[in-house]
Protein chains: 2
Amino acid sequence: MSFVTCQISISLDGFVAGPNQSLENPIGEGGMKLHQWLFTTASWREQQGLQGGARTADSDVVDDVSRNIGAFIMGRKMFGGGDGPWSEQWKGWWGDDPPYHVPVFVLTHHARKPLAMQGGTTFNFVTDGIHSALDQARATALSQNVVIAGGASTVQQYLAAGLLDELYLHIAPVVLGAGERLLENVGEPRLEPVEVVASPAVTHIRYRIAN
Amino acid sequence: MSFVTCQISISLDGFVAGPNQSLENPIGEGGMKLHQWLFTTASWREQQGLQGGARTADSDVVDDVSRNIGAFIMGRKMFGGGDGPWSEQWKGWWGDDPPYHVPVFVLTHHARKPLAMQGGTTFNFVTDGIHSALDQARATALSQNVVIAGGASTVQQYLAAGLLDELYLHIAPVVLGAGERLLENVGEPRLEPVEVVASPAVTHIRYRIAN
């Protein structure tokens, strides 16, 4: 059965987005600081069709978390902002060729036909909850991983429900002071750090979760 | 001049003490979970005069942070609870032979004569603020380190004032959900992870701070 994982950049004070998130700035003020480590990696730049970047331990982590993904699950805000219903013309934040390339299951309250994008990404809209979305994602992913893409609230729901097998945190050496916290309302998950990768830019800690 | 450092155990959600701290339970509900990694180390057990424990990477970290200390600074609650004034009979939480063995500077609003304990610890009570306490600690420590022992509020004050050179976090794989946070009201310190030590019990990250 699919392994269910989540990998996310987080500030040292626990935020995965800065304050005052908006349609114009969905990751909030200062939120981009969480991802600076990523933008300098050769692997991420290649994925975006960009030149340059460095083949560092951080770049290897990007390769690692990009492999063997059968499906994604994300919250409605991560797909397209707001609470919907979206117009049929609105195809989300991610452009014509979103960086997923597999089926994506979007948690929403508003039914909508699947949206096939370029490059293999299909957005499927799930209105009957997190368990249903996971069942559908597993059925698609088969032996590959299901990735909980975010945002914080979606990760929290899967973690609190005991459905997450792994949480891979990229801890940026940044204090945001305010914003959206990841580890709230998640109960008391039993975590074990099983892998740590360190660089001057970020510390990656992979936690296995005993459910 | 003395290097000013702080090493502290912290939950994955950012707490250094659990909720409902009291005189009976100064580290709050669940707070002991932050220190489980420590109690199993040979180095800590030796320091306490106990048998056993394991010579692991975690134990080496304990040795490491125990070396070359010339003075400690702590808040009044960490010395003895409450806000004072304490009676002259009250000698704090730490027993007749406190685990410091060097001068300790206690931030308080209530003047008191220095309190010489067994084993080399002397508690000095400082009523004129964090800069004064640091000046006195530096004068004592000479080329050795000054350690900000805690609690959270004291660490926050030194960090916010740009007086901390290093923050060494022991990140326990524990979600407390509530309690006392470390990294609040500290501004935007510029941190760089310079050393990471990993074990299945805890992840140690040493941050240098550019002030």
Side-chain angles (χ1 to χ4, degrees), chain A residues 8 10-16 18-19 29-30 33-34 36-37 57-58 152 155-156 159-160 162 164 166-210, chain B residues 8 10-16 18-19 29-30 33-34 36-37 57-58 152 155-156 159-160 162 164 166-210:
Chain A
I8 195 162
I10 186 168
S11 71
L12 193 51
D13 53 346
F15 297 104
V16 292
E29 291 167 16
K33 292 182 198 169
L34 305 178
Q36 290 303 325
W37 69 271
D58 296 334
V155 178
Q156 287 164 9
L159 188 51
L164 202 59
E166 180 186 271
L167 181 62
Y168 197 177
L169 298 181
H170 316 295
I171 303 179
V174 166
V175 174
L176 287 186
E180 190 171 28
R181 290 190 194 278
L182 182 65
L183 294 173
E184 281 186 335
N185 309 312
V186 297
E188 297 184 4
R190 288 186 297 144
L191 304 162
E192 185 190 0
V194 294
E195 185 183 359
V196 175
V197 178
S199 87
V202 62
T203 310
H204 312 273
I205 311 180
R206 186 193 296 274
Y207 291 96
R208 288 300 289 267
I209 304 169
Chain B
I8 194 162
I10 187 168
S11 70
L12 192 52
D13 53 346
F15 297 103
V16 292
E29 291 167 16
K33 292 182 198 169
L34 305 178
Q36 290 303 325
W37 70 271
D58 295 334
V155 178
Q156 286 164 10
L159 188 51
L164 202 59
E166 179 185 272
L167 180 62
Y168 197 177
L169 299 181
H170 316 295
I171 303 180
V174 165
V175 175
L176 287 186
E180 190 170 29
R181 290 188 193 279
L182 182 65
L183 293 173
E184 281 186 335
N185 310 312
V186 296
E188 296 185 4
R190 288 186 296 145
L191 304 162
E192 185 190 0
V194 294
E195 184 183 0
V196 175
V197 178
S199 86
V202 60
T203 309
H204 312 272
I205 311 181
R206 185 193 298 272
Y207 291 96
R208 289 299 290 266
I209 304 170

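The basis for the numbers below is simple: all heavy atoms, side chains too, and nothing from hydrogens, waters or symmetry mates. Throughout, protein chains are lettered first and strands after them, A, B, ... in sequence-line order, and every chain is numbered starting at 1.
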| message | Rounded at 0.5 Å granularity, tell me how far CG in L169(A) sits from CG in L12(B). | response | 5.5 Å
| Checking S11(B) against chain A: side chain, backbone, both or neither under 4.5 Å from a heavy atom? |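 Contact with chain A: none, neither part.
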| said: Suppose a student defines contact as a heavy atom less than 4.5 Å from any heavy atom of chain B. Which residues in residues 183-193 of chain A would they list? | reply: L183(A), E184(A), V186(A), G187(A), E188(A), P189(A), L191(A), E192(A), P193(A)
